[in-house]
Amino acid sequence: MSTRTAAASRPTPDTRPPGRKKSGKRSAGEGRMAAMLLSPTLLVLALVIAYPLVSALYQSMFREQSGLDASGFVAEGEIFVGLGNYTDLFVGESGARFLNAFGNTTFFTVTTVALETVLGLCLALAMNRAFRGRSFLRASILIPWAIPTAVSGLLWRWIFQSDGIANSLIGSEILWTAEGLTAKMAVIIAEVWKTAPFIGLLVLAGMQIIPEEIYEAAKIDGAGFWRQFRSITLPLVKPTLLVAVLFRLLDALRMFDLPFVLIGPGKESVETLSMLAWDESNQLRYGSASAFAIILFLYVALVAIVFVKLLGADVAGTKEVRALRRATRTRKAKAL
Amino acid sequence: MRQRRHTRHILSTTAALTISALALTGCGGGSGEAAPESSQGAAASEAEFEGRGPINYVSSRDASGAAQDSLDKWNAEHPDEQVTLIELPDSADQQRQQLIQNAQIESDTFSVLNLDVVWTSEFAANRWILPLPDDALPTDTMIPATVNAASYRDTLYGAPYYTDGALLYHRTDLLQAAGIDAPPGTWDEMEAACDAVLALPEAEGMSCYAGQFDKNEALTVNFTEAVASAGGAVYDDEGNPTVDTPEALAGLTQLSDAFTDGLVPSDAITYLEEQGRRAFQDGDVVFLRNWPFVYASLTATDGSSQVVDKFGISSVPGIGENPGVSTLGGRNLAVSPFTTNKATALDFIKFFTSEEESRARLDKSSRAPVYASLLEDPAVVEQRPFYPTLLESLENAQPRPKVVQYGATTTAIQEEAYAALTGEKDAEAALADMQAKLEELSAE
């Protein structure tokens, strides 16, 4: 895109001194120009993505000295430990903690994203219908998404208190915020409540570009609601849905604030990788904190790549248009 | 105002970078200056505190406005040595993080630091605060436990600012109805009192006791208190962990038994300060271990408290024959080694923590001063009736573990104590694991 613009803005070849070979020179010049025009972007990317990453990688090779000298002062400086911080992740006490956090992160990601997708689809279907009070419904569905996570974490903490609304509604005395499966459930419920609207909204946008004629044609063919949903809505909304799910996956993998506020730091049953990295850096062990962050980064990257390759999630949005066009054509042909 | 602070911040960052650069080129400045050469008891002399000029006082939020009054008074008297208040977030973790980050870049933005008592060792050992001159403060008039908590390896690093200790709140009306005259001095007496009280028709559905047991700093406090009240200690005088002792076992067993015997409400494992206060205030528990700050809520006459005029206070109960021992809370003021105006900083903390200023602040703030004479003063006691009991509690108080790696230490304590209270481990196994973790931490 930018390359093309660069070419267009170049002076015309006529203004160049005669006798010089154009083609080779031009492409070299074009490349330079393109690089120059792109350089601010590349610079910003290098600054905000590459530098922190490299710096974290570098930091993760060191370990802070924590021993005390004879007069009780902390020995200063860091020692190079190579991959020591990474190998430590899998052994002993800290290893168990890491694997637990890794498990929690994966568990939360799978369960919340699955539930959110189902719920989000339902919300989108509801919002997509024409009925009185539709705009009110849309607005109210959006509210959970609009509330900052820390605030909704607090709200849910009050709800899940031992004498809170949740317990008085179901008439039980479940200690939601203590360790255990209930704490996990509390986090999942709050997270799904908060982010299902996100999927719902994205999917709604996808649904709204499905032409009405397709549904009309289907109706004439005698297709019921389920048949329409399975054969029209779902396939046509799939590209949008996949992108929404991908976003949510990546988001859920770095979940931090909700379990932190709702259940509290240091509780094994809800500790995620981000919380672990935060805790390490809070204890001034920046080396192992960086190692955790790098591992989390690799995990997120891996999930993203696998997701895009396997399911063909179309992040750039080119396929969507094509698919839609193709579908419209086929449907129209069929209807005729 | 904000603009100025911003500019100053940039300036100070630049200054810090320059200093680091100098240190790198071998000038040996920076932290070398801060570190006393000799080993133990290396208190600086007053002459080492040089430089006068404007300074910044970094503190937790000054909600009552009492600290600002002191500051205004100082600023009126010292036009060339103005003190600006910088307020940090409410969360103690975030305060600590900002203070540490500032120390790590050796910025001179923060001159006088307001530190939680449990941070003293960490900041002192990392040379993030300066040892104070021996005679700078009237330590002999302060409550000894507060001076101890502001010291690291027998050197005073902080000026005790305000203090905090645990109180046992009890329901006088119910105890009287059950024919009990005095609040219990031990857990056994408390359990006996509960048996009598809970048999009363008006105490139906109540539980005996509430403390703070959720996995949080408050659990470390309650655990340390239980161990000390059973005659033990989490660390001995040499700084070695001692939670594998019979005393520590007696302490933790007392707490875990409270859960198995139904002494505490069934949801007590989720209790922090607020939940316990609510339970006591709503008439759900007979005894409550809490800080003095809940006194105001309990005496509120707006109808929110059902126990107005129905409760009394005493020191925390002992275990077995031992006296009850409170954990020490509170804050200290310390001087950053990276500030250029150390003489002003030292003078300021002397002024700010003086008995006179502490008394003046009492009009607005209920934070307990560190001077025993103030806590006993009849004029003060009339305003804050819980001070004499608090003083009693403080005279016996023990600081929480004085370790450099406090964060990891308190996490380890919470982890194992929580496992014992939830019944995941028995008390003995939990303490054995705790001892192993603490030994590993102090060996590092």
Side-chain angles (χ1 to χ4, degrees), chain A residues 63-79 92-94 96-97 100 150 157-158 160-164 166-167 172-180 182-183 186 260-271 275-276 278-286 288-289, chain B residues 31 35-42 93-94 96-97 100 104 121-122 124-128 152-155 213-216 219 239 265-272 274-275 278-279 282 284 404-412 414-415 418-419 421-422 424 433 436-437 440-444:
Chain A
R63 190 171 295 164
E64 284 69 29
Q65 297 235 18
S66 55
L68 300 182
D69 61 18
S71 44
F73 291 110
V74 172
E76 286 177 26
E78 296 175 324
I79 27 175
E93 185 81 25
S94 61
R97 206 169 162 211
N100 172 58
R157 191 157 110 189
W158 289 329
F160 284 127
Q161 233 160 232
S162 60
D163 54 351
N167 275 340
S172 67
E173 207 197 53
I174 299 172
L175 303 179
W176 296 93
T177 54
E179 291 266 25
T182 49
F260 189 91
V261 177
L262 177 57
I263 309 294
K267 298 244 171 107
E268 283 115 47
S269 43
V270 296
E271 191 164 59
M275 288 166 82
L276 203 52
W278 173 85
D279 189 50
E280 286 294 305
S281 75
N282 202 29
Q283 318 230 346
L284 309 182
R285 292 195 290 259
Y286 298 118
S288 56
Chain B
S31 58
E37 299 298 305
S38 53
S39 58
Q40 297 212 338
D93 268 335
Q94 285 179 25
R96 175 175 157 270
Q97 230 163 9
I100 289 178
Q104 282 179 332
S121 302
E122 182 179 29
N126 281 292
R127 298 191 173 104
W128 292 330
Y152 175 66
R153 301 216 170 183
D154 299 326
T155 305
F213 308 111
D214 200 356
K215 203 186 263 183
N216 181 281
L219 179 59
S266 52
D267 56 348
I269 194 71
T270 64
Y271 275 21
L272 286 177
E274 276 304 293
Q275 286 87 344
R278 268 212 320 273
D282 295 346
D284 292 336
V404 177
Q405 301 214 22
Y406 186 76
T409 304
T410 183
T411 307
Q414 289 167 33
E415 193 94 353
Y418 193 82
L421 296 188
T422 50
E424 194 189 309
D433 291 349
K437 282 184 185 176
E440 195 183 323
L441 279 171
S442 46
E444 265 179 20

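The model shown is predicted, which means the values in this text are computed figures rather than measured ones. Every chain is numbered from 1 and lettered A, B, ... according to where its sequence line falls, protein lines coming before strand lines.
Atom CD of B/E274 is separated from atom CD of A/Q161 by 9.5 Å, given to the nearest 0.5 angstrom. Note that the CG atom of A/L284 and the CG atom of B/N126 stand 7.0 Å from one another [nearest 0.5 Å]. Atom-to-atom distance recorded for B/D282:CG and A/D163:CG is 8.0 Å, nearest 0.5 angstrom.
Residue B/T422 does not touch chain A at all, counting heavy-atom pairs closer than 4.5 Å. With a threshold of 4.5 angstrom between heavy atoms, B/E424 does not approach chain A through any atom at all. Neither the backbone nor the side chain of B/Q414 has a heavy atom closer than 4.5 Å to any heavy atom of chain A. Using a 4.5 Å cut-off between heavy atoms, B/A124 touches chain A through its backbone atoms (N, CA, C, O) alone. With a 4.5 angstrom heavy-atom cutoff, B/Y406 does not touch chain A via any of its atoms.
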Legend entry - Stepwise side chain to side chain donor-acceptor pair (under 3.5 Å) test for A/E173 and B/S266: CA-CA 9 Å; A/E173 207 197 53; B/S266 52; 2.7 Å; yes
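By the 4.5 Å heavy-atom criterion applied to side chains, B/Q104 and A/Y286 are counted as neighbours. Side chains of A/N282 and B/R96 form a contact here, defined as non-hydrogen atoms less than 4.5 Å apart.
A/R285 and B/A408 make their closest contact through NH1-CB, 4.2 Å (heavy atoms, listed as atom of the first residue, atom of the second, distance). The heavy-atom pair separating B/R127 from A/V74 by the smallest distance is NH1-O, 4.3 Å.
A/K267 places no side-chain N or O within donor-acceptor distance of the main-chain N or O of B/K215, the cut-off being under 3.5 Å.
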